[in-house]
Amino acid sequence: VKAVVLGATSGMGRALARRMAARGDVLYLLGIGENDLSKSAADLAVDGAPPAGYAECDLGSPNSFGAALDKAERALGGLDAVIVTAGIFATQEALEADPALTEKLLDIDFTGTILFCEEARKRLLARRGGTLAVWSSVAGERGRKPVVLYGAAKAGITHYLEGLDHKFRGDGLKVVCVKPGFVKTGMTAGLKTPPFAGEADDVARRVLKAIDRGTPVVYAPFAWRPIMAVIRTLPRFVMRRIGF
Amino acid sequence: MDNELASRIQRSSLAETNKNGGTLSGWGRIGAPGREVFSEDLERATREAVLCRGLGRSYGDSALPPPSHPVVLTTTLADRLLGFDESTGVLTAEAGVSIDQLNRRLLPRGWFVPVTPGTQFVTLGGAVAADVHGKNHHVAGCFGEHVRALKMRLANAEIVIASPTELPDLFWATIGGMGLTGHILEVELRMQRVRSPWIREETWRVKDIDAYIESLKVAAGRFPFTVGWIDCLSRGSSLGRGILMAGDWADPSEAPARYPKPLPTITMPIELPSFVLGRPSVQAFNFGFYWKHLPKHRERITHWQPFFYPLDMIRHWNRMYGPRGFTQYQCVLPDSASYGGARRVLEELTRRGGASFLCVIKDCGPEGHGLLSFPLKGISIALDIAVRDDTQALVDALNEKVIAEGGRIYLAKDRFTRPEHFRAMEPRLDRFLSVRRKWDPELKIRSAQSVRLFGDPA
């Protein structure tokens with residue numbers, strides 16, 4: 001597999017990239033910071049297929065997307081999959097207190113992510129298909145008190161990916177919407193660890209299977225699938241009363 | 001992500017952490033106020049940090065923060081390998097990489113860490129800070145002897161490279177310096193090539209402590225890895241009987257051709273009530289473990305995991321010691337004292353009824369270069385002690401014996417030693433403290449242990 005990974009330097013993206021490189025997939029890394037990208041490229045090359053290269057690409061600057069993807073496609077000499085794990089998180093309290101931070105989060109997690117996917121989708125379709133795997137979140141499943149704003153961005157991503165899947169599956173585009181629950185990574189460091197918290201590598205294992213099969217929606221860790229099935233059916237008067 | 005955004009998010013998550021105050025403990029599960037913050041980016045996160053913590057496998061309070069600043073920076077997310085040269089075995093890695101990760105990633109390629117402690121769940125930063133030793137101490141020395149360079153964040157916020165040739169005083173104070181001389185960001189070490197990923201192991205049943213120490217010395221001449229388990233409940237003529245284990249990497253001709261499959265682990269699901277590990281069950285375990293080894297001598301090809309890391313097979317085995325937790329007492333007695341010395345220390349233990357589930361004995365090679373590195377030429381004894389009302393008195397008594405024999409204790413295991421006892425064991429202490437003061441005059445970097453033992457500001 002020849003794949004572009006946006007966000008491979010940290011957290012679940014790091015774990016997924018390691019699994020892919022270890023089995024021989026050739027990756028092109030996109031992310032922020034030359035130094036950080038070069039460290040991840042070195043890490044992957046120690047015991048896996050060396051990445052074809054890396055380049056800076058910031059979800060906050062949509063003008064950079066096309067050029068970054070072109071560069072990646074050239075270096076890879078093909079393109080089978082585009083994986084987007086990058087994004088930011090902040091607590092609901094922090095976002096409510098800081099409108100500039102809220103704007104930034106919505107820019108990155110919603111607008112930037114969708115514009116990047118649009119560029120990726122065009123390139124994959126031009127090659128008659130491929131896989132687009134994107135990190136949404138269980139936070140986007142239902143409007144919930146602790147994740148009103150972050151959840152809104154992720155709900156948007158979930159709907160966008162579902163729409164893409166309906167519209168382009170026939171043309172060969174396989175869209176995978178990844179919905180992690182709480183996973184212990186740098187992004188969630190500092191938050192109190194809830195029950196069913198997952199490890200990045202377990203998530204990576206499940207997601208990689210979903211990418212290989214083109215599964216449209218994957219929950220990780222698995223426990224979140226039944227949990228979310230229940231949460232989706234709770235009536236509003238219950239959701240208003242619980243803190244979840 | 002730009003720096004300003006990153007710091008804004010970091011502030012918000014720090015505020016969140018501060019709300020969730022809590023307790024933190026070492027592997028011995030004796031809690032103290034403290035909480036962890038995690039970061040993949042150690043260069044950024046160490047600027048303000050008072051103490052770094054790895055996987056928390058030190059038993060006592062060396063990875064616990066000082067009371068006035070109850071936050072540690074946990075390094076485990078900084079887990080990238082930054083370069084590996086297969087022609088020389090030189091590896092550069094972030095400080096949070098664990099030996100477990102190295103074993104999973106590099107052993108299939110024929111490389112093993114030059115020195116490993118009895119658990120693979122330690123980080124490289126932790127291995128350097130405790131200057132860990134292993135079954136091959138008599139031939140390979142401590143972990144620090146194989147470290148070529150360290151990238152460190154100093155207390156004054158500067159980032160430097162320390163090595164045996166650059167800033168050697170800082171380097172050797174950091175090897176075994178319990179993380180008190182600066183924050184370790186990256187470690188460069190030389191890995192060891194192995195003939196096969198299998199172990200040829202020989203074991204002997206040994207009848208008492210004196211025979212034991214003799215056979216350890218004999219085995220040391222023949223094997224790179226030796227260690228022994230002793231039954232410290234048996235008394236009188238069979239005091240210190242046990243099983244001696246020795247081994248080496250198997251020759252490819254005698255080893256299976258396949259790569260050893262990772263073995264399944266089981267998890268100790270709950271904290272056991274204190275009485276479970278009372279004297280009768282410890283006695284039964286020790287009796288069984290000794291007589292399970294019916295023949296006097298056994299030889300086999302075995303998996304590296306149970307050979308190096310038998311206790312890693314049970315996740316959270318530390319829950320076994322009940323709600324009050326436990327401590328490990330590990331001391332080393334110099335050769336000049338060993339013959340009768342080990343017997344005298346064990347006698348003190350059995351006399352006081354310090355039933356220990358596990359008692360591990362190992363002959364050590366010469367003292368390393370680390371200013372506070374634990375081992376010295378002699379015999380090391382390690383035993384687990386469940387915390388009871390008289391644990392402090394037991395540790396005091398053992399320490400007095402050890403001082404009389406000219407030995408010392410291992411900081412990575414310690415929670416109960418008194419500062420005056422430590423000073424009496426450690427003639428190198430002043431030298432270490434003066435190097436540390438040179439690099440951190442305000443003692444910004446400190447731990448609960450350094451407050452307890454070195455009198456650092458709380």
Side-chain angles (χ1 to χ4, degrees), chain A residues 7-11 13-15 17-18 21-22 31-33 35-48 56 58-61 86-98 100-105 107-108 112 146 184-193 199-201, chain B residues 1-22 35-45 71 73-86 90-94 96-97 100-111 185-186 191:
Chain A
T9 58
S10 67
R14 181 185 290 185
R18 277 187 184 148
I32 304 170
N35 187 29
D36 199 37
L37 286 161
S38 74
K39 285 181 181 178
S40 278
D43 178 63
L44 295 172
V46 165
D47 57 346
E56 290 220 69
D58 182 349
L59 279 177
S61 339
I88 60 170
F89 175 82
T91 61
Q92 178 63 17
E93 276 167 326
L95 291 167
E96 282 174 11
D98 186 347
L101 180 60
T102 301
E103 189 183 347
K104 193 92 192 168
L105 181 130
D107 261 357
I108 289 173
K184 291 180 249 173
T185 65
M187 195 180 86
T188 56
L191 300 176
K192 200 173 169 165
T193 310
E199 300 288 341
D201 189 52
Chain B
M1 161 180 1
D2 57 275
N3 271 335
E4 187 244 326
L5 176 64
S7 64
R8 212 145 65 189
I9 292 174
Q10 199 180 29
R11 266 203 309 279
S12 77
S13 74
L14 257 183
E16 183 78 10
T17 320
N18 288 331
K19 268 191 334 215
N20 313 322
R35 51 190 179 266
E36 296 174 275
V37 292
F38 294 79
S39 177
E40 286 169 346
D41 185 350
L42 293 185
E43 285 195 19
R44 185 165 73 217
V71 181
L73 170 63
T74 297
T75 61
T76 51
L77 296 179
D79 66 352
R80 285 182 292 200
L81 308 184
L82 303 175
F84 182 53
D85 180 345
E86 293 222 44
V90 173
L91 172 77
T92 311
E94 292 179 321
V97 170
D100 160 56
Q101 287 164 324
L102 292 183
N103 289 342
R104 273 187 282 136
R105 298 181 65 177
L106 297 180
L107 187 56
R109 307 175 80 90
W111 296 92
L185 305 174
E186 291 172 13
M191 298 288 287

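All values reported here derive from a predicted model rather than from experimental measurement. We use all heavy atoms of the structure for the numbers below, so side chains are in, but hydrogens, waters and symmetry mates are not.
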Go through the atoms of Leu91(B) and report whether side chain, backbone, both or neither lie under 4.5 Å from a heavy atom of chain A. neither
Per-residue tally against chain A (heavy atom, under 4.5 Å) across Thr92(B), Thr76(B), Leu77(B) peaks at Leu77(B)
Measuring heavy-atom distances to chain A, does Arg80(B) have an atom under 4.5 Å in its side chain, in its backbone, in both, or in neither? both
Answer yes when Asp41(B) and Lys39(A) have at least one side-chain N-carboxylate O distance shorter than 4.0 Å, and no when they do not. no
For each of Asp36(A), Asp43(A), Thr9(A), tally heavy-atom pairs with chain B at distances under 4.5 Å, and name the one with the top tally. Asp43(A)
Proximity breakdown for Ser40(A) and chain B, heavy-atom pairs closer than 4.5 Å: both
Between CD on residue Gln101(B) and CG on residue Asp201(A), distance to nearest 0.5 Å: 9.5 Å
For Asp47(A), is there an ion pair with Arg104(B) - N to carboxylate O distance below 4.0 angstrom? no
Would you call Arg18(A) and Asp79(B) a salt bridge, using N to O less than 4.0 angstrom? yes
Non-hydrogen atoms of Ser10(A) and Glu40(B) that approach each other most closely: CB-OE1, 2.6 Å
